[in-house]
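First up is the structure itself, then whatever we jot down about it.
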Amino acid sequence: MFCKGLIQLRKAVLPLAMAAVILAGTSLALTSTTAAAATAVSSSSGVWPGVGKICEPGPGGASSVRGVGDKTINIAVFNDAANTIVPGLEGEFPQQATAFADWCNAAGGINGRKIVIDNRDAALFNAAQVTTAACQSDFMAVGGGMALDQPTVPIREKCGLGQVTGYLASNAADLGALQVDPEGTNTDAVSAGWFGALAKAYPKAVKVAGMGGSDTPSVLEGEMKYEFAAEAQGWNVVDFLEPPTSVENWAPYVEQYQQKGVTALWPADNANFAPFAQAMTTAGYHPAFVALGTQFDNSQTQQAVAANSTLPPVYVQTQWWPLAMASENASTRELVTIMHKYAKGDPIDFDDEEGAESWLLWAKAASACGASLTVSCVLSHAASPKNWDAGGIQAPIASMTLSNENPQPTPCFAMLQMSAKGIIYDKKLTDPTQSIWNCNPKNVIQLTRAQQAQLNAL
């Protein structure tokens, strides 16, 4: 994710980090150079590695379904890029969607219907308005997300706007009807096995832990789930900070962690790690380690670590195939190639992977519906795959289902370490059980009723 939504209040900057692989003990060091293997010319056959044929010519045909024309399908892509607090937030979603649509349309579209992308930009505070607009002319919403998505749920459900999500932020959105989430987000459980991995590696440090998240319900719901999951795996959280969405000076927050003696740190920073890292250096704060969410898997974080040489080990958890290792996974490599071809100049980050996993699931489902394209048909097919992993872009989900029918999140994760030499896959810390992933079922933590009530009270 996260619970994918909590980590979205940021604008990640990720110049493409591809693999120049150096074997280093039990880890894999990766530089920011682009591997030639990841820039091969993408085919226009409509076949996606590991997923199959999802786009092809066909008859199209007249339709009475909203957003479906004789030769077109209008799709909403939600995002917050135009906001002034975190400019560019989720801007990767419409970029990736446009690139995917261009690739798919070049192969004939969805049974002969070309995908038309409608960029539904909520700018953070207009989520209800853009959802209402989508209800007027779009067939479905695919591969997007809004940080403040709670008010969109009743609007989308009332107008019958089906959705295959890029990410979800609030508990209300997690439970929404007419929706399939490719990550299997569940309000009653949280996948967070990396806290257990860190507890095993740093058993003493996690007894004095610090956590936190931006002071907005959509973010705090997920961050508190992580707090519960960490404590279930041996962490003792002595300080949980709730800074505002936008922080200009991280020094007071770093000082509070330092004063509490925090030795295991999951920072309250949900955005750019560089200012937080500098504040740690200035304060002379040296916990045993720092752990970060998936959104920090980028060269910006790696460069911040390199620029602050006194930092402790900095780890990033991920449930998406690391972009620095794209050359080792055909589906991720195809995504990178398509972005290079159809979205030249756009940085590639894990938002593109989130978007792609949704588009691949939607396209596979929509293609299976043939000419008679309806929301119910697409959602039925999207909710049916077993062991879905978008060809390897994401950690596998055992069984897809509708969001209001008790989906189960993947237990799988991998750990990366940010270093001066590059972004490192830490095999020893991950302790993989399947490919690069640790998929121990115990990585999914079930929340107690008291914890659920605490989240509902936010």
Side-chain angles (χ1 to χ4, degrees), residues 42 44-48 51-79 93-121 130-146 152 155-157 159-166 176-182 335 338 342-343 352 354-385 390 400 402:
S42 172
S44 296
S45 66
V47 176
W48 193 282
V51 178
K53 195 171 188 64
I54 53 178
C55 301
E56 60 186 335
S63 173
S64 61
V65 176
R66 181 189 62 214
V68 180
D70 183 24
K71 294 293 183 181
T72 58
I73 309 169
N74 283 72
I75 300 293
V77 180
F78 294 123
N79 64 95
F93 287 145
Q95 293 168 357
Q96 187 277 323
T98 300
F100 178 85
D102 288 345
W103 173 83
C104 185
N105 291 342
I110 303 296
N111 296 308
R113 291 189 175 104
K114 300 298 178 70
I115 301 170
V116 178
I117 300 300
D118 290 331
N119 184 354
R120 302 297 184 184
D121 189 338
V130 299
T131 304
T132 299
C135 284
Q136 305 306 309
S137 57
D138 291 321
F139 171 56
M140 294 182 70
V142 180
M146 295 173 282
T152 71
I155 299 170
R156 188 181 58 74
E157 291 178 344
C159 79
L161 183 68
Q163 179 166 246
V164 178
T165 65
L178 298 174
Q179 172 179 279
V180 173
D181 172 20
L335 169 61
I338 286 171
Y342 294 108
D352 296 295
E354 281 187 319
E357 69 187 15
S358 303
W359 277 102
L360 291 170
L361 182 61
W362 178 85
K364 185 177 178 67
S367 294
C369 291
S372 300
L373 198 60
T374 64
V375 170
S376 60
C377 179
V378 172
L379 290 177
S380 176
H381 283 284
S384 65
M400 298 301 300
L402 293 168

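Below, all heavy atoms of this structure are taken into account, side chains as well, without hydrogens, waters or symmetry copies.
Counting heavy atoms from C-beta outward, C369 and T374 have side chains that stay 4.5 Å or more apart. Using a 4.5 Å heavy-atom cutoff, the side chains of V77 and N119 are not in contact. Residues V65 and L373 have side chains not in contact (no heavy-atom distance under 4.5 Å, counting atoms from C-beta outward). Counting heavy atoms from C-beta outward, V180 and L402 have side chains that approach closer than 4.5 Å. Residues I110 and C104 meet the side-chain proximity criterion, which asks for heavy atoms closer than 4.5 Å. Here the side chains of I115 and W362 are in contact, with some heavy-atom distance below 4.5 Å.
Note that the CD1 atom of I117 and the CD1 atom of I73 stand 10.0 Å from one another [nearest 0.5 Å]. For the atom pair CD (E157) and CG (L178), the distance works out to 6.5 Å, reported to the nearest 0.5 Å. Here OG1 of T132 is found 10.5 Å from CZ of R120. Values are rounded to the nearest 0.5 Å. L360 contributes atom CG, which lies 8.0 Å from atom CG of L335 (distance to the nearest 0.5 angstrom). Separation of atoms CD1 (I338) and CD (Q96) is listed at 8.5 Å; rounding is to 0.5 Å. With rounding to the nearest 0.5 Å, the separation of CD in Q163 from CD1 in I75 is 11.0 Å.
Put simply, the side chain of R113 gets close to the backbone of G61: a donor and an acceptor are under 3.5 Å apart. Remark: the backbone N or O of C159 is paired with a side-chain donor or acceptor of R66 at under 3.5 angstrom. Judged purely by atom type and a 3.5 angstrom limit, K53 uses its side chain to pair as donor or acceptor with the backbone of S45. Side chain of S358 to backbone of V142: no donor-acceptor contact under 3.5 angstrom is found. Side chain of T98 to backbone of P94: a donor-acceptor contact under 3.5 angstrom is found.
Residue L361 comes nearest to P385 through the heavy atom pair CD1-CG, 3.8 Å, listed as atom of the first residue, atom of the second, then distance. Heavy-atom minimum distance, A141 versus F78: CB-CE1, 3.5 Å. The shortest non-hydrogen separation linking V51 to A390 is CG2-C, 3.8 Å. Considering every non-hydrogen atom in both S367 and C55, the closest pair reads OG-N, 4.3 Å. Nearest heavy atom pair, residue S384 against residue H381, reads OG-O, 2.7 Å. Scanning all heavy atoms of the two residues, the minimum distance from V68 to F139 falls at CG2-CD1, 3.5 Å.
No option in T152, N79, D121 other than T152 meets the side-chain contact (heavy atoms from CB on, under 4.5 Å) test with M146.
Between W48 and F100, the ring-plane angle classifies as tilted under the 30° and 60° cut-offs.
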